[in-house]
2 protein chains.
Amino acid sequence: MTQPDMPTPPWERPPKRRRPPRAPLSRERIVDAAYAVLDREGYDGLSMRQVAAELHVAVSALYVHVRDKDELLQLMYNRLFDGYELPEPDPEQWREQLRNFARQGRQRLLSHRDMAKISMAHVPFTPELLPHVERMLAMFTAAGLPRKVVAIAGDLLSTYMDGFVLEESLWRDRYPENGGAAPEKMREEIQSYFSSLPPDRFPNLVELADVMVDESNDYRFELGVEIILRGIASYIGEPDPGNDQPEPG
Amino acid sequence: MTQPDMPTPPWERPPKRRRPPRAPLSRERIVDAAYAVLDREGYDGLSMRQVAAELHVAVSALYVHVRDKDELLQLMYNRLFDGYELPEPDPEQWREQLRNFARQGRQRLLSHRDMAKISMAHVPFTPELLPHVERMLAMFTAAGLPRKVVAIAGDLLSTYMDGFVLEESLWRDRYPENGGAAPEKMREEIQSYFSSLPPDRFPNLVELADVMVDESNDYRFELGVEIILRGIASYIGEPDPGNDQPEPG
DNA sequence: GTTGTTGGTGAACACTGTTCAGAAACTCAA
DNA sequence: TTGAGTTTCTGAACAGTGTTCACCAACAAC
């Protein structure tokens with residue numbers, strides 16, 4: 001019988017490479033590697049070959065565990081929600097709770113490069129994500145909103161989150177020379193560009209140049225969320241809005 | 001000397017194909033062809049080679065007029081705004097005006113397949129598009145909103161438009177078998193899926209299944225716009241919201 | 001008529017996602 | 001211990017992608 005834990009004596013030929021030194025592949029490890037590539041190369045550099053190289057493995061090995069590149073992206077998207085716990089709905093604090101939800105969501109989208117691109121390309125209705133959708137609906141229901149508003153409010157907030165972060169990253173991509181480290185110079189340039197426009201044709205752009213770029217992304221995000229929350233809150237206690245005249249007044 | 005407008009006599013050999021029969025290439029024609037390919041093949045099928053084939057031209061010919069595929073996409077994006085006239089701002093009717101703006105924007109995004117994908121990937125701050133941004137700002141300023149709200153309200157509304165239409169097209173892509181002609185069957189399937197979920201774990205999803213998919217996209221879009229407009233309107237007459245406490249109450 | 005410039009060609013390069021025959025490595029029965 | 005069967009990985013290939021480059025044909029100007 002073989003003695004598994006004994007060192008191989010030097011005169012014996014190496015044991016024919018049983019037990020390959022690397023851990024076997026798995027969906028988890030593939031997603032890990034894909035995230036590593038994404039952070040390093042960005043969305044456009046995220047190729048199956050790069051992922052395989054990250055794992056020191058042939059490309060075709062990936063296809064044993066993953067049907068498609070699309071499925072891999074789906075798995076990456078799902079992981080975005082891992083450990084993303086929404087609190088128990090509290091009717092007294094639904095606004096603060098949703099503010100936190102949005103903040104948390106943006107932070108997650110920012111935690112991996114180009115993550116917003118992946119998020120925007122997927123609808124959060126896979127079985128794994130339904131619990132989150134359910135929690136979201138519960139929070140809006142607890143707030144006392146009409147059914148039809150509940151049904152679309154979550155979508156509205158999520159769309160805004162994704163779109164906002166996507167736009168953040170688009171701006172970053174337009175200024176690739178700074179390694180993400182000098183956004184101030186970028187802002188200066190944009191602001192001076194807006195300020196230099198002919199004031200007769202672009203009075204508002206010139207006048208608002210400072211506000212449009214001076215404020216931090218954090219502030220602009222929070223204000224956008226606040227606008228949406230105010231709009232949602234205005235429906236509390238109202239009946240379901242009708243199809244014909246969304247604004248009766 | 002040659003007589004340019006005379007018909008060629010039959011005994012004379014054809015004039016060596018001077019003046020090639022096809023019109024010369026131009027950016028306009030390339031964008032036209034790209035739109036044709038986009039409508040036929042979708043965003044993933046929109047390749048430089050397909051565009052060249054559409055024009056019966058070698059691929060490399062495109063690169064004389066267009067630096068990049070990226071530049072081509074930018075040109076397509078710009079054309080989305082051609083003839084997109086925003087009305088003179090009217091402080092009395094700013095809500096109706098913005099509703100129309102959003103409706104029109106969505107219709108434009110829907111008028112070409114996968115257009116939302118292209119739109120989402122571009123920021124509307126090229127020189128050609130600045131007049132639209134200016135008009136937008138003018139409308140919000142006329143409504144009497146604080147500066148900081150004006151500065152981000154347009155972004156908010158545009159992001160929602162793009163995101164909404166993008167999600168519409170994502171759902172369509174998940175059901176490619178219907179040629180876009182049978183959305184009712186799709187809705188039925190989704191609704192029956194939601195209804196079949198375990199009600200103890202997904203009470204809201206089960207209860208709201210009808211509202212979430214029964215309502216037309218048109219209605220859901222309008223309601224979303226209305227929520228945003230209500231949120232924006234709530235800031236009329238208020239001072240600029242501060243950085244620390246977006247919700248003072 | 002001879003130039004130079006422009007707009008077009010076809011071939012090539014370095015990639016991409018995906019598939020497939022075959023070769024390892026593992027599991028389990030005899 | 002042997003042998004069969006299954007799973008996992010390999011290397012090569014295919015068709016397609018964006019982009020570039022030497023070459024060529026048509027046009028304008030001197």
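In what follows, chains carry the letters A, B, and so on, assigned in the order in which the sequence lines appear, proteins first and then strands, with residues in each chain numbered from 1. Predicted model only: the values in this text are computed from it and were never measured. The figures that follow rest on heavy atoms only: side chains count, while hydrogens, waters and symmetry mates do not.
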[N] [atom2] sits how many Å from [X] [atom1], rounded?
| X | N | atom1 | atom2 | result |
| --- | --- | --- | --- | --- |
| A:Tyr43 | C:dT16 | OH | C1' | 13 Å |
| B:Asp44 | D:dG18 | CG | C1' | 15 Å |
| B:Met48 | C:dC13 | CE | P | 21 Å |
| B:Leu55 | C:dT9 | CG | P | 10 Å |
| B:His56 | C:dG7 | NE2 | C1' | 19 Å |

N/O donor-acceptor pair under 3.5 Å between [X] side chain and [Y] backbone:
| X | Y | answer |
| --- | --- | --- |
| A:Glu54 | A:Ala36 | no |
| B:Ser158 | B:Asp155 | no |
| A:Arg113 | A:Leu38 | no |

Looking at B:Leu55 and B:Ala33, what are the two nearest heavy atoms and their distance?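 The pair with the smallest heavy-atom distance is CG-CB, 3.6 Å.
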Where B:Met115 and B:Leu109 come nearest, the two heavy atoms and their spacing: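 Nearest heavy atoms, B:Met115 then B:Leu109: CB-O, 3.2 Å.
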Kindly indicate whether the side chain of B:Leu130, heavy atoms from C-beta on, has any atom under 4.5 Å from the side chain of A:Phe194.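 Yes - at least one pair of side-chain heavy atoms lies under 4.5 Å apart.
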Which residue pairs pass the salt bridge (charged side-chain N to carboxylate O under 4.0 Å, His left out) test with at least one member in residues 72-83 of chain A, sequence neighbours excluded?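 Output for this query lists A:Glu28-A:Arg79, A:Asp32-A:Arg79.
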Selection: residues 64-77 of chain B, any non-hydrogen atom under 4.0 Å of DNA chain D: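 Those residues are B:Asp68, B:Lys69.
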Please list each protein N or O that sits under 3.5 Å from an N or O in nucleotides 12-16 of chain D, with the distance.
{"unit_1": "D:dA13", "atom_1": "N6", "unit_2": "A:Arg49", "atom_2": "NH2", "d": "3.3"}

Ring-plane angle category for A:His112 and A:Tyr35, please: parallel below 30°, perpendicular beyond 60°, tilted otherwise.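 Tilted: the ring planes of A:His112 and A:Tyr35 meet at 30° to 60°.
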Under the ring pair (Phe, Tyr, Trp, His ring centres under 6.0 Å) rule, collect the residues that match up with B:Tyr77, sequence neighbours excluded.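 So B:Tyr77 forms a ring pair (Phe, Tyr, Trp, His ring centres under 6.0 Å) with B:Phe81, B:His122.
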Out of D:dT10, D:dT20, C:dG10, which has the shortest distance to the side chain of B:Tyr63?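 Among the listed nucleotides, the one closest to the side chain of B:Tyr63 is D:dT20.
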Hey, what bend do you get for the helix from C:dG8-D:dC23 to C:dA30-D:dT1 if you fit axes on five pairs at each end, rounded to 10°?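 It works out to 20° between the end axes.
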Tabulate below the donor-acceptor pairs under 3.5 Å that side-chain atoms of residues 58-71 of chain A make, not counting sequence neighbours, or state none.
{"unit_1": "A:Lys69", "atom_1": "NZ", "unit_2": "A:Leu46", "atom_2": "O", "d": "2.8"}
{"unit_1": "A:Glu71", "atom_1": "OE2", "unit_2": "A:Arg27", "atom_2": "NH2", "d": "2.7"}
{"unit_1": "A:Glu71", "atom_1": "OE2", "unit_2": "A:Arg67", "atom_2": "N", "d": "3.2"}

Whether B:Arg220 engages the ring of B:Phe164 as a cation-pi pair (distance to the six-membered ring centre under 6.0 angstrom, angle to the ring normal within 45°) should be assessed.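 No - B:Arg220 does not lie over the ring of B:Phe164 by the 6.0 Å and 45° rule.
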